[in-house]
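The next block holds one structure in the form of structure tokens; read it before the comments.
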Number of protein chains: 2
Amino acid sequence: MLELAILGLLKEQALHGYELKKRLSEMLGPFSGASFGSLYPALRRLEAAGAVEAVASDPVARPIPMTGSLGGELAAFAARRRSAAGAKGGRTRRVYAITSSGQQLFEELLAADSGSTDDDRTFNLKLAFARHLPPAGRVNLLERRRAQLVQRLSQARANARARRGLLDAYSRSVLEHCRETTERDISWLEQLIAAEKGSVK
Amino acid sequence: MLELAILGLLKEQALHGYELKKRLSEMLGPFSGASFGSLYPALRRLEAAGAVEAVASDPVARPIPMTGSLGGELAAFAARRRSAAGAKGGRTRRVYAITSSGQQLFEELLAADSGSTDDDRTFNLKLAFARHLPPAGRVNLLERRRAQLVQRLSQARANARARRGLLDAYSRSVLEHCRETTERDISWLEQLIAAEKGSVK
DNA sequence: CCCCGATGTATCGATCCGATATAACGGTAG
DNA sequence: CTACCGTTATATCGGATCGATACATCGGGG
């Protein structure tokens, strides 16, 4: 859910699309579900829903080039002209800020269960924003994830028993590596859960 | 690339959509990029491209219910009637087999480089089919993947240095866990590469 | 001065996903 | 026997995402 990621970042400060994407990429690694082709439509959706609003078509928003006030006014004029002309691309920044209804939407999305259909990426995203969750919500998120991985693991094991011998070495290697990764994920989660409960106590 | 997965499975034996999905799910875990909403369109694409062909609208393809030849003929008739009526859903199996041009397409997709835009799932898929690759192709695949992960890792580290202190404990935990997972992936790859080179020698 | 690379917004087509509809079959409870 | 239910099976829809590409502006170096 890209919306959640966007709202979470805008919650801290108003940003424009390009910067948003950079932060997203470095926050979730390269597998963030963030590309311009999905980011800009998502921003439009959020804007249409009233969850975010454009705060300033601030042209480049950089310390004024100190050639007197004239420079600033010219830049502003140029921005207006570009905006009015329906410029199809270009460098004029569109800075978005979160609204109060966006804040609310963020809370809802963060706490949403989605009935175990929570993607791997969605979980990482939610955990990265766990600071905005109440302690009970954090534990809940971690426990749900843990249950999901445990189930996935037992299913993988049952499957491995059923098909032992039918697969070649490469397939088996992939499967086993996945199994190990899942096991490590689970023990990571258990550490986090323990830490969470320890801090509450 | 779902096409690659489908062709790889059909290479071993002719299958229908439902079975294809089951094998896909247990082959790549639950993150196989396989859902009916993408599987059936992919089959249609492959059929249109001549890479696969329907071999029999075999109704349930089960040992004939031993009531003489009549049972079989009735079933075949029912299947023909259903097929002609343009049935919108239902249980009539559509079994697909790979064609020689499909074999060729499979080789191409498996060996394709895609200029480092290879997804995590795509890599796992290709590795699972590495048996169909020449030894040099296997090493190439593994080395490419390793280079990709090494780059991802160094980027993540540079990023961590830059933003140290700006992130809360949850974000940092996610990031660090990702880093560890990537490191393990790399050492796994290095094992595979060593094994591959050892077996060649 | 002019081109190059980084910054920035935007869109297109293709693909993939989750939900849902449709339908036939096997078994079992009444 | 039938009425229902869970599994098997194909198919489609709308929406989300992706990768590629286009367009536009700015700063800096040759």
Side-chain angles (χ1 to χ4, degrees), chain A residues 1-6 15-22 24-25 30-48 54 57-62 65 71 75 78-79 81-83 85-96 114-122, chain B residues 1-6 15-22 24-25 30-47 54 57-62 65 75 78-79 81-83 85-96 114-122:
Chain A
M1 216 63 150
L2 237 192
E3 267 104 335
L4 176 62
I6 292 172
L15 291 170
H16 54 100
Y18 194 87
E19 184 68 24
L20 224 29
K21 197 218 166 198
K22 276 202 298 185
L24 239 34
S25 296
F31 54 92
S32 52
S35 67
F36 292 123
S38 47
L39 182 60
Y40 286 116
L43 279 170
R44 293 302 185 88
R45 285 198 303 273
L46 288 170
E47 193 178 18
S57 285
D58 194 8
V60 184
R62 190 177 293 104
R81 194 167 59 86
R82 259 178 269 123
S83 187
K88 279 304 165 193
R91 205 172 171 185
T92 311
R93 286 178 175 170
R94 289 178 60 84
V95 177
Y96 292 96
S114 305
S116 92
T117 51
D118 250 17
D119 197 344
D120 287 23
R121 299 202 306 276
T122 305
Chain B
M1 216 63 149
L2 237 193
E3 266 106 336
L4 176 61
I6 293 173
L15 291 169
H16 55 101
Y18 196 86
E19 183 68 25
L20 225 28
K21 194 212 167 204
K22 276 202 297 187
L24 238 32
S25 295
F31 55 93
S32 52
S35 69
F36 292 124
S38 47
L39 182 60
Y40 287 115
L43 279 170
R44 294 302 185 89
R45 284 199 303 273
L46 288 170
E47 192 178 18
S57 285
D58 192 8
V60 184
R62 190 177 292 106
R81 195 168 58 85
R82 259 179 269 122
S83 186
K88 278 305 164 193
R91 205 172 170 187
T92 313
R93 286 180 176 170
R94 291 178 58 84
V95 178
Y96 292 95
S114 305
S116 92
T117 51
D118 250 16
D119 199 343
D120 288 24
R121 299 202 306 276
T122 305

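Note on naming: letters A, B, ... go to the chains in the order of the sequence lines (proteins, then strands), and numbering restarts at 1 for each one.
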With DNA chain D as reference, determine whether B/P41 or B/K22 sits nearer its 5' end, using the nearest nucleotide of each.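 It is B/K22 whose nearest nucleotide is closer to the 5' end.
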Spacing of [X] atom [atom1] relative to [N] atom [atom2], expressed in whole Å:
{"X": "A/L39", "N": "C/dA10", "atom1": "CG", "atom2": "C1'", "value": "11 Å"}
{"X": "B/I6", "N": "D/dT10", "atom1": "CD1", "atom2": "C1'", "value": "14 Å"}
{"X": "A/D119", "N": "D/dA16", "atom1": "CG", "atom2": "P", "value": "15 Å"}
{"X": "B/Y18", "N": "D/dA11", "atom1": "OH", "atom2": "P", "value": "15 Å"}
{"X": "B/E3", "N": "C/dA14", "atom1": "CD", "atom2": "C1'", "value": "10 Å"}
{"X": "A/K21", "N": "C/dG8", "atom1": "NZ", "atom2": "C1'", "value": "12 Å"}
{"X": "A/L43", "N": "C/dA10", "atom1": "CG", "atom2": "C1'", "value": "12 Å"}
{"X": "B/Y40", "N": "D/dA11", "atom1": "OH", "atom2": "C1'", "value": "8 Å"}

In terms of side-chain heavy atoms of [X], which of [options] is nearest?
{"X": "B/L2", "options": "C/dT11, C/dC16, D/dT10", "answer": "C/dC16"}
{"X": "B/S38", "options": "C/dT9, C/dC17, D/dT10", "answer": "C/dC17"}
{"X": "B/R93", "options": "C/dT7, D/dA9, D/dA11", "answer": "D/dA9"}
{"X": "B/F36", "options": "D/dA11, D/dA9, C/dG8", "answer": "D/dA11"}
{"X": "B/R121", "options": "D/dT12, C/dC17, C/dT7", "answer": "C/dC17"}
{"X": "B/S35", "options": "C/dG18, C/dT9, D/dT8", "answer": "C/dG18"}

Applying a 4.0 Å non-hydrogen cut-off, can you work out what [X] is touching in the nucleic acid: base, sugar-phosphate, or nothing?
{"X": "B/R45", "answer": "sugar-phosphate"}
{"X": "B/A34", "answer": "sugar-phosphate"}
{"X": "A/G37", "answer": "base"}

Donor-acceptor contact present, side-chain B/S25 to main-chain B/K21, <3.5 Å: yes
Which pair of non-hydrogen atoms, one from [X] and one from [Y], has the smallest distance, and what is that distance?
{"X": "A/L2", "Y": "A/A42", "answer": "CD1-CB, 4.0 Å"}
{"X": "B/R94", "Y": "B/A54", "answer": "NH2-CB, 4.3 Å"}
{"X": "B/F36", "Y": "B/P41", "answer": "O-CD, 3.7 Å"}

Check whether any side-chain heavy atom of B/L39 sits under 4.5 Å from a side-chain heavy atom of B/I6, and report yes or no. yes
